[in-house]
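Working notes for the structure below.
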Amino acid sequence: MCGIVAAVAQRDVAPLLIAGLKALEYRGYDSAGLAVLEGGQVRRVRAKGKVREMEALYLADPLPGSTGIAHTRWATHGVPNEVNAHPHMIGRVTIVHNGIIENYASLRTELQSKGYVFTSETDTEVMAALIEVNLSKGMKLREAVLATVRELEGAYAIAVISRDEPGRVVGARRGAPLLVGVGIGEHFLGSDAQALIQVTNKIIYLDDDDVVEITRENAKIYTLDGNAVERAMHESELSADAVERGEYRHYMQKEIFEQPRAVSDTLEARINAQGVLPNIFGVNGDELLAKVKGLHIIACGTSYHAGMVAKYWIEEYARLPVSVEVASEYRYREAVVPEGTLFIAISQSGETADTLAAMRESRRRGYLGTLAICNVPESSVVREADLKLMTRAGPEIGVASTKAFTTQLSALALLTLHLAKQRGLDTARYNDLCAQLLHMPRSIDDALKLEPQIIELAERFVHRHHALFLGRGAHYPVALEGSLKLKEISYIHAEAYPAGELKHGPLALVDEDMPVIAVAPNGPLLDKLKSNLQEVRARGGELIVFADTTAHIDGNATRGVILRIDAGGEFIAPAVFTVPLQLLAYHVAVLRGTDVDQPRNLAKSVTVE
Ligand code: G6P
């Protein structure tokens, strides 16, 4: 989704802005641009496509200057092209914007009647015109931005410069992320800390409805009513290395292989052989969790699949009712909230617009409290939750989520165990589950060793158009996650079904051209799954089975491929079985030559509705 970088420095800012945009590429975008203010003039360069294409134009005709704003755009209003790319300019004003202005159509009509002419289809240009109108009334840029954002409905993060006010950038946010980077004699704005880590690790996170004015010397923050306000400065723990690709061909591959470490970091100092440690969910967390009578889990995409696995776990081991729903549905319906229900938001980024809005909506629905499971400590979701359990995956750059998922499962497994113990789960069973969870990093490491076999397997998919994934129980969401990975990055149409549903529809699609991928852990549902596999086999379907080493599945009888995995126990099997599915999607995408880390049309952090 759109990325913003801005700078007021003592040096030429364009190279810094371009480096910042490159660090934001992971968010997903389809055009890029930057503008530099120098000597009372603003010059800009914009291009459809990658940052490097815009950079090539810049290098051919550099823009010197020490104040600038830059942007990667993920199209919402208007197709991806140069005219719709940011920055947008009207009169004295140049602006970049992330988000969607919901009342832009009426504002645009009103401005057109006043003689403003718009060259793009974007809602952003409307904001530029509004700011220009306010400047013409004699306001300074900061006042003009304040007056403008008060009129807006929707979500935005913006950075604005005025031709008449050198050495100054004004930013504002509501519902989309924006933070301030504090350098020595220079200040920056960025969509996340990664965009700025090359210039500073001193970060001020803005609150919703903050407006900020940066100059070389200062970063002054104001609330919507124009009062000055202080926000705390943090030292980001990100290192520039954390966002390097190293020896790996793609970030996604690197992140798949980082999973043993990421999972072990997420478990560290939170569980030992005796069990889950107290107070890992934050102040008064244990007391609040003891009162829980049920849970509503809300998330999007891969995080939603993690929530689906947790439903199976928590209902089985803690015997509490759980409902799981995608945030975009939950926020607009009148969900019934029984007394004592805990609201859980799962989000890698902590900035997904639908998840954040659902969490805000939950406040008026009478929950016992909110728990955030998230990977970004300073994100909006974490800041607004009562309780939090951070995943410690480190920055995830590939748009297709991998280590975020397995670390979310690790955090949800800790929650399951905590709730189960509070509700009197049998000690022997509890101890066994803890031992399994502690073993998860090693089991994932073993699963990664299947890569050579999966590379061979991937060949079978290169010319396929469809694939069907099957799983049962907690492995149905694993099948969903496997199919999501495949479609996201290889563009092969993939669907997932609970294996028992096969005969109610999808079996009609099975023939020799339809690969069927089945996840077959050992457990009470194995025999049922085997019967489902027979149904596929009888129709000539090509079966690819990921089976537990302890599951008795006859390799010859599958008439397809069988890969054996030692899941290390029924409880942690969903996390372990996800790994070969990630690798399969990755290698199929590599063979098909797609843009693995930035698949078409997708964004990493979806900060618009
Ligand atoms: C986007 C990303 C997915 C991610 C989803 C939810 O669609 O491409 O990888 O799972 O958003 O993101 P979140 O940050 O809330 O987990």
Side-chain angles (χ1 to χ4, degrees), residues 1-3 24-30 74 76 98 155 175-177 191-192 194 250-252 255-256 262 266 297-310 324-331 344-360 371-385 388-391 393-412 477-478 480-489 491 578 581-582 585-586 589 594-609:
M1 201 118 297
C2 307
L24 289 174
E25 283 193 296
Y26 77 94
R27 294 166 69 88
Y29 69 101
D30 34 50
W74 187 79
T76 56
N98 170 12
S191 293
D192 67 21
Q194 252 155 262
H250 295 98
Y251 281 107
M252 182 179 176
E255 288 157 7
I256 290 172
T266 301
I297 302 180
I298 304 300
C300 303
T302 290
S303 300
Y304 168 67
H305 294 157
M308 286 178 78
V309 173
V324 192
E325 192 169 356
V326 288
S328 53
E329 285 298 312
Y330 169 88
R331 63 184 286 198
I344 303 186
I346 308 175
S347 175
Q348 185 284 126
S349 61
E351 300 293 349
T352 301
D354 283 322
T355 307
L356 189 55
M359 190 164 149
R360 288 176 180 162
L371 165 65
I373 293 186
C374 187
N375 196 37
V376 182
E378 295 302 333
S379 63
S380 306
V381 164
V382 173
R383 283 189 286 158
E384 294 183 22
K388 42 219 94 179
L389 187 59
M390 302 311 303
T391 52
E396 191 181 64
I397 309 289
V399 163
S401 192
T402 52
K403 62 178 178 171
F405 181 70
T406 42
T407 54
Q408 285 165 349
L409 289 184
S410 313
L412 289 161
V478 171
L480 280 169
E481 180 57 11
S483 80
L484 176 65
K485 290 297 84 121
L486 190 69
K487 76 181 94 158
E488 277 180 317
I489 58 170
Y491 314 147
T578 302
L581 300 184
Q582 296 168 340
Y586 171 74
T594 59
D595 190 347
V596 172
D597 285 331
Q598 290 161 36
R600 67 185 181 203
N601 305 341
L602 298 181
K604 179 80 185 154
S605 183
V606 182
T607 49
V608 297
E609 193 176 339

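Remember, it's 1-based here, ligands and their atoms both numbered in the order they're listed.
Note that the OG1 atom of Thr391 and the NZ atom of Lys403 stand 9.5 Å from one another [nearest 0.5 Å]. Taking CD1 of Ile397 as the reference point, atom CD of Gln598 lies at 10.0 Å (rounded to 0.5 Å).
The side-chain contact (heavy atoms from CB on, under 4.5 Å) test with Pro477 singles out one residue from Val324, Val309, Leu409, and that residue is Val309.
Thr402 and Lys485 share no side-chain donor-acceptor pair at under 3.5 Å.
Applying the salt bridge (charged side-chain N to carboxylate O under 4.0 Å, His left out) rule to Arg360 yields the partners Asp208, Glu384; only residues at least two apart in sequence or on another chain are considered.
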List ligand 1's nitrogen or oxygen atoms that come under 3.5 Å of a protein nitrogen or oxygen, with the partner atom and distance.
unit_1, atom_1, unit_2, atom_2, d
ligand 1, 8 (O), Ala603, O, 2.8
ligand 1, 9 (O), Val399, O, 3.1
ligand 1, 10 (O), Thr302, N, 3.0
ligand 1, 12 (O), Thr352, OG1, 3.3
ligand 1, 14 (O), Ser347, OG, 3.4
ligand 1, 14 (O), Gln348, N, 3.4
ligand 1, 14 (O), Ser349, N, 2.8
ligand 1, 14 (O), Ser349, OG, 2.6
ligand 1, 14 (O), Thr352, OG1, 3.3
ligand 1, 15 (O), Ser347, OG, 2.6
ligand 1, 15 (O), Thr352, OG1, 2.5
ligand 1, 16 (O), Ser303, OG, 2.6
ligand 1, 16 (O), Gln348, N, 2.7

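Outside the 6.0 Å centre-distance limit, the rings of His305 and Phe405 are not counted as a close aromatic pair.
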